[in-house]
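Below, chain A is the first sequence line, B the second, and so on; all start at residue 1.
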Protein chains: 2
Amino acid sequence: MNFQSNISILVNEQVYLKSPESSKLGQKIIRGSIDLIDELGFEDFTFKKLASSIQSTEASIYRYFESKHHLLVYLVLWYWGWLEYRMHLRLANIENPKERLKRAVSVLTEKITEDSNFSQINEVKLNRIVISEASKIYLNKKVDSENELGFFLPYKRLVALVSDIITEINPDFKYPHMLVSTVIEGANHQHFFAEHLPRLTDCCDDEDAISHFYQELVLNEIK
Amino acid sequence: MNFQSNISILVNEQVYLKSPESSKLGQKIIRGSIDLIDELGFEDFTFKKLASSIQSTEASIYRYFESKHHLLVYLVLWYWGWLEYRMHLRLANIENPKERLKRAVSVLTEKITEDSNFSQINEVKLNRIVISEASKIYLNKKVDSENELGFFLPYKRLVALVSDIITEINPDFKYPHMLVSTVIEGANHQHFFAEHLPRLTDCCDDEDAISHFYQELVLNEIK
DNA sequence: CAAAATAGATAGTATTACTATTATATTTGT
DNA sequence: ACAAATATAATAGTAATACTATCTATTTTG
């Protein structure tokens with residue numbers, strides 16, 4: 001039934017000390033950290049708490065990730081890789097560029113409400129983590145050195161992918177990358193605001209408003 | 001010469017234990033923290049380092065702010081208050097709504113490159129701090145309780161101010177708040193990307209590209 | 001079955017994010 | 001000018017965090 005079981009999302013090897021996919025403990029670390037970061041927020045999350053929640057030890061976790069920052073990077077890179085995969089699936093066999101663009105924007109802006117059964121990872125929780133924590137992986141002083149290690153390539157690929165569709169539709173549009181990264185970051189922020197600071201949004205009732213808004217924004221902007 | 005010297009930006013009293021404007025030490029804390037956060041980033045910034053950089057003690061700083069998080073909140077709220085003040089100045093006596101909107105967007109998206117002589121605060125450094133650290137004041141689990149204390153009112157006011165101009169121009173536009181908060185957050189991100197992750201933007205050479213991009217975006221969207 | 005890799009248990013360190021206490025200046029009200 | 005109030009400095013201390021190191025037991029693999 002699960003035709004996807006023979007593929008897996010690859011994450012930059014520099015991010016971890018030992019691949020968490022390679023062992024039972026590694027998988028418990030990933031699952032447990034998603035549960036715990038979602039519950040406590042990244043600031044209050046510690047390896048000690050994670051260790052006790054998965055019945056292991058701090059030292060064992062440190063064999064997989066050199067810091068909690070690296071673990072967060074792993075989760076976010078996995079998510080970006082997963083988004084790219086979903087993007088390719090949703091665009092497969094669609095020829096019309098405008099339709100491709102609409103679909104791409106919807107992949108970038110929709111909130112994840114169902115688990116994909118794609119892996120043992122809970123994508124609904126991971127999406128919530130990405131919404132509130134993802135920007136912390138680059139909004140810091142390590143950004144340049146980690147950029148050199150290629151940490152942000154999946155994000156850049158995602159942006160380039162959608163930018164190319166825009167350029168196909170309107171080759172004269174000057175700011176395709178800016179537009180796409182604005183949409184990705186914007187959608188995450190709007191989902192957060194909708195839940196916590198509603199006066200910064202206009203989605204009184206329906207959550208689809210965010211996706212509609214960005215659909216419209218992109219189409220208006222490039223024509 | 002400095003006609004502004006008789007006014008000051010008010011910051012929510014819940015943010016501090018004792019007003020840093022009320023004493024010499026308080027002012028040194030603000031100035032020193034702007035220098036140090038700009039230099040080290042918020043993660044590596046500590047009250048101990050701040051104390052030694054301004055020749056005071058950790059315990060003395062704790063009399064003004066109950067945590068470094070509160071100090072960051074203070075700085076960001078001050079900045080938002082200052083932006084609102086600049087906004088009012090730039091819109092003063094301008095009648096034409098479209099011109100008002102253009103000016104408002106430019107206030108929200110331009111990078112600060114000159115000190116305003118408005119106060120003893122270095123706005124150029126504070127702007128850099130806002131670009132990379134501001135979102136951390138709400139992207140955490142304390143957001144709801146701090147929202148109840150009114151921490152984010154200045155941000156909401158700023159968004160409401162510009163939303164009202166949009167609604168004046170096009171009363172049928174459904175998402176004015178979303179558009180404005182997307183512009184504010186987006187511009188900050190783009191400034192950060194331009195410096196650290198240029199492939200996520202399109203501002204090869206000119207820094208004005210960001211402001212132009214958002215001008216265009218807003219005008220296209222509401223008509 | 002031996003060698004290698006993996007995980008657990010335990011201990012230890014420097015730093016962080018605070019709190020508490022006391023002593024010494026400095027400001028202010030009369 | 002002086003007492004009272006307030007602000008600051010100096011010092012000490014604590015629990016938690018973010019690690020590192022080491023040693024042993026277990027599991028996997030060649």
- [ ] Answer yes or no: is there an ion pair linking R90(B) with E110(B), defined by an N-O contact shorter than 4.0 Å?
- [x]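 E110(B) and R90(B): salt-bridged.
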
- [ ] Inspect the contact between K111(A) and E195(A) and indicate whether a charged nitrogen and a carboxylate oxygen are less than 4.0 angstrom apart.
- [x]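 Yes, charged N to carboxylate O under 4.0 Å.
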
Open item on the list: Under the criterion side-chain contact (heavy atoms from CB on, under 4.5 Å), I'd like the reasoning laid out for Y175(B) against H212(A): C-alpha separation, chi angles, the key distance, then a yes or no.
Closed with: CA-CA 10 Å; Y175(B) 309 116; H212(A) 291 150; 4.0 Å; yes

Open item on the list: What range of DNA chain C does chain B touch, first nucleotide to last, counting atoms under 4.0 Å from its heavy atoms?
Closed with: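 Contact boundaries, 5' end first: dT16(C) to dA20(C).
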
- [ ] Any chance you could lay out the side-chain contact (heavy atoms from CB on, under 4.5 Å) test for L161(B) and V180(B), step after step, and finish with the verdict?
- [x] CA-CA 10 Å; L161(B) 204 65; V180(B) 176; over 6 Å; no

Task: K28(B) side chain vs I54(B) backbone, donor-acceptor pair below 3.5 Å - done: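 Side chain of K28(B) to backbone of I54(B), a donor-acceptor pair under 3.5 Å: yes, one is there.
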
Task: Check: R128(B) main-chain N/O paired with S132(B) side-chain donor or acceptor under 3.5 Å - done: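 The answer is yes, because a donor-acceptor pair under 3.5 Å joins these two groups.
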
Open item on the list: Would you compute the distance between atom OH of Y214(B) and atom CD1 of I184(B) and round it to the nearest 0.5 angstrom?
Closed with: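 Between atom OH of Y214(B) and atom CD1 of I184(B) there are 11.0 Å.
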
- [ ] Would you please classify the geometry between the F45(A) ring and the F42(A) ring as parallel, tilted or perpendicular, with 30° and 60° separating the classes?
- [x]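 The arrangement is parallel - the two ring planes meet at less than 30°.
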
Open item on the list: For L17(B), is the CG atom crowded, meaning more than 12 foreign heavy atoms sit under 6.0 Å from it?
Closed with: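 More than 12 heavy atoms, drawn from other residues, nucleotides or ligands, come within 6.0 Å of this atom.
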
TODO: Within residues 10-36 of chain A, find the residues that approach DNA chain C with a heavy atom at under 4.0 Å, and present them sorted by residue number.
DONE: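 Going residue by residue through residues 10-36 of chain A, the ones with a heavy atom under 4.0 Å of DNA chain C turn out to be K18(A), S23(A), L25(A).
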
Open item on the list: Counting only heavy atoms and a strict 4.0 angstrom limit, can you tell me which residues of residues 50-74 of chain B come near DNA chain D?
Closed with: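 Under 4.0 Å from DNA chain D: S56(B), T57(B), A59(B), S60(B), R63(B), Y64(B).
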
TODO: May I ask you to check whether W82(A) and Y79(A) place their ring centers less than 6.0 Å from one another?
DONE: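 W82(A) vs Y79(A): aromatic centres under 6.0 Å.
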
- [ ] Check the distance between dT8(D)'s P and F47(B)'s CZ and give it to me in whole angstrom.
- [x]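 To the nearest whole Å, that distance equals 15 Å.
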
